[in-house]
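The sequence lines fix the lettering, A, B, ..., with proteins before strands; numbering per chain opens at 1. Every value quoted in this text rests on a predicted model; they were computed, and no experiment measured them.
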Number of protein chains: 2
Amino acid sequence: MTKKLSQLKQDFTEGLSQISRFWGFPKGMGAIFAVLYISPAPLSLDEIVEQTGLTKGAISTEVRTLARMGLVHRSSKLADRKDYYEAESDFYKSIRSILKERQNSEFDSAIRSVQETLKELESGSVSGDEAEVQFVHERIKALQEFFNAIDTLSKAVIKLESLGLGNVKTILSVLK
Amino acid sequence: MTKKLSQLKQDFTEGLSQISRFWGFPKGMGAIFAVLYISPAPLSLDEIVEQTGLTKGAISTEVRTLARMGLVHRSSKLADRKDYYEAESDFYKSIRSILKERQNSEFDSAIRSVQETLKELESGSVSGDEAEVQFVHERIKALQEFFNAIDTLSKAVIKLESLGLGNVKTILSVLK
DNA sequence: TACTATGTTTAGTAATTACTAAACATTCTA
DNA sequence: TAGAATGTTTAGTAATTACTAAACATAGTA
């Protein structure tokens, strides 16, 4: 049995919405990305409204988030004051961009708070059962080291010119 | 100025709660992990209640999730029918465990739905403007390949005996 | 200038998710 | 067996987040 393209597009959009939710993003965001990703030409805000069923307001804000993450790009046509949006199709590029974005996020500020805690322990200014202080100190130090490893890794990824499948395979071969 | 250990523990717990939220997990889950992580001995459910302020019910369910992810372990003492919980302190081990867990999750089922869509396109059973069908086909294929790359990578990580900081550095040096 | 086309912000609503309180289940002990 | 100690489930509530509708802002055009 055959299926209409329009139906297939809708199914695809539905799928990406779920994936988006899984990653902790609004499902509308996944839908917006999906319609842009499978559109041969950039779309205007109103066209996105039409294809997703969301309102202008929601799209306006979510498309900005997507742009910040490098997953979509805003462009414009001469003599047309509409904004147009298109999806980034190089996902590896997006990943780098997302990691970069993350560095000024709340995540890092939370990590810094752990760092603070560690400093207090190192300066010896924490009172309480000696052995327990010692234990807590070691644990938090280990956690901090783990965070640093992740940080190192993600910074390196950001620097990579291209993180394609080829490179992934290279990495794996090194690790046997 | 000195700080009491109890206060420091609380701050640390607060910090991990936020990190937990950032990753899309309930903040209570982060708190539970935190108190276990900095406890020198395994804790019973009631002790966790005491230290987090959450109720038994919430902890009961969230500790199960944590256990499934390999972030905490349940144990018991002879002649004591309480359950005791302790945190996994090898994070690399946890990461592998989380990735493994993920493989049977909704995430993969969503990815499979994209795979379905791709199959339909490949079997030529989609009707519509030929050029557009072609375009959509290519895009979805590229997305699928990206998912596969991630999948390959995470499967490889699962297999690693130890993914310590040392190995991370090895990877990075290969990539220049 | 007023009018139109566009995008953004805002205030409120709907939907979702995290959590509580309490009923329930199970197992041990007297 | 009854009672106590523990853990789980459930039904409802609180908190959070996503989204809508509509007011607003801005810039272009008649």
Side-chain angles (χ1 to χ4, degrees), chain A residues 13-14 16-36 42-69 72-86 105-107 110, chain B residues 13-14 16-36 42-69 72-86 105-107 110:
Chain A
T13 304
E14 179 59 32
L16 275 201
S17 299
Q18 279 181 246
I19 290 174
S20 177
R21 273 247 326 290
F22 182 86
W23 285 98
F25 302 110
K27 73 180 204 290
M29 203 167 122
I32 293 170
F33 179 81
V35 306
L36 292 174
L43 299 179
S44 69
L45 218 169
D46 281 327
E47 288 167 321
I48 301 174
V49 166
E50 198 185 328
Q51 299 207 28
T52 59
L54 301 175
T55 57
K56 276 197 308 170
I59 294 168
S60 171
T61 58
E62 277 170 9
V63 102
R64 207 180 321 149
T65 310
L66 283 164
R68 230 179 31 231
M69 300 198 301
V72 313
H73 302 291
R74 192 185 292 238
S75 63
S76 45
K77 295 177 184 169
L78 284 150
D80 181 347
R81 64 199 175 78
K82 286 200 201 71
D83 287 348
Y84 286 87
Y85 303 91
E86 63 187 321
S105 72
E106 281 171 48
F107 177 64
Chain B
T13 303
E14 180 57 33
L16 275 201
S17 298
Q18 280 181 244
I19 290 173
S20 177
R21 264 212 25 259
F22 182 86
W23 285 99
F25 302 109
K27 72 179 203 292
M29 204 166 120
I32 293 169
F33 179 81
V35 304
L36 292 174
L43 299 179
S44 69
L45 218 168
D46 282 326
E47 287 167 323
I48 301 174
V49 167
E50 197 185 330
Q51 299 208 26
T52 59
L54 301 176
T55 57
K56 276 197 307 169
I59 294 168
S60 170
T61 58
E62 278 171 9
V63 102
R64 208 180 322 151
T65 310
L66 283 164
R68 230 180 29 234
M69 299 196 302
V72 312
H73 303 290
R74 191 186 292 238
S75 63
S76 45
K77 294 178 184 166
L78 284 150
D80 180 347
R81 65 198 175 79
K82 286 200 202 72
D83 286 348
Y84 286 86
Y85 302 91
E86 62 186 322
S105 73
E106 280 171 50
F107 177 64

Worksheet entry | Residues touching DNA chain D, which here means a heavy atom under 4.0 Å, drawn from residues 50-63 of chain A |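 Going residue by residue through residues 50-63 of chain A, the ones with a heavy atom under 4.0 Å of DNA chain D turn out to be Gly53(A), Leu54(A), Thr55(A), Ala58(A), Glu62(A).
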
Between [atom2] on [N] and [atom1] on [X], what's the gap in Å once rounded to a whole number?
{"X": "Lys77(A)", "N": "dG7(C)", "atom1": "NZ", "atom2": "P", "value": "12 Å"}
{"X": "Ile48(A)", "N": "dG7(C)", "atom1": "CD1", "atom2": "P", "value": "9 Å"}
{"X": "Lys82(A)", "N": "dA5(C)", "atom1": "NZ", "atom2": "P", "value": "10 Å"}
{"X": "Leu43(A)", "N": "dT6(C)", "atom1": "CG", "atom2": "P", "value": "15 Å"}
{"X": "Asp83(A)", "N": "dT6(C)", "atom1": "CG", "atom2": "C1'", "value": "8 Å"}

Worksheet item: Just checking, is any N or O donor in the side chain of Glu62(A) or Thr65(A) under 3.5 Å from an acceptor N or O on the other one?
Response: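 No, Thr65(A) and Glu62(A) have no side-chain donor paired with an acceptor closer than 3.5 Å.
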
Item to complete: For DNA chain D, note the earliest and the latest nucleotide, 5' to 3', having some atom under 4.0 Å of a heavy atom belonging to chain B.
Response: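 So the outermost contacting nucleotides come out as dA4(D) to dT17(D).
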
Close side-chain approach of [X] and [Y], heavy atoms under 4.5 Å:
{"X": "Lys82(B)", "Y": "Glu47(B)", "value": "no"}
{"X": "Lys56(A)", "Y": "Ile59(A)", "value": "no"}
{"X": "Arg74(A)", "Y": "Val63(A)", "value": "yes"}
{"X": "Tyr84(B)", "Y": "Ser44(B)", "value": "yes"}
{"X": "Asp83(B)", "Y": "Leu45(B)", "value": "no"}
{"X": "Phe25(A)", "Y": "Met69(A)", "value": "yes"}

Worksheet item: In terms of the nearest nucleotide of DNA chain C, which residue is placed more toward the 5' end: Gly28(B) or Arg64(A)?
Response: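 Going by which nucleotide is closer to the 5' end, it is Arg64(A).
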
Worksheet item: For Asp46(A), which contact category applies under a 4.0 Å heavy-atom criterion: base, sugar-phosphate, or nothing?
Response: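 Counting heavy atoms under 4.0 Å across all strands, no contact is made by Asp46(A).
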
Worksheet item: Can you name the nearest heavy-atom pair linking Leu43(B) to Val35(B), along with the distance?
Response: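 Looks like CD1-O, 4.1 Å.
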
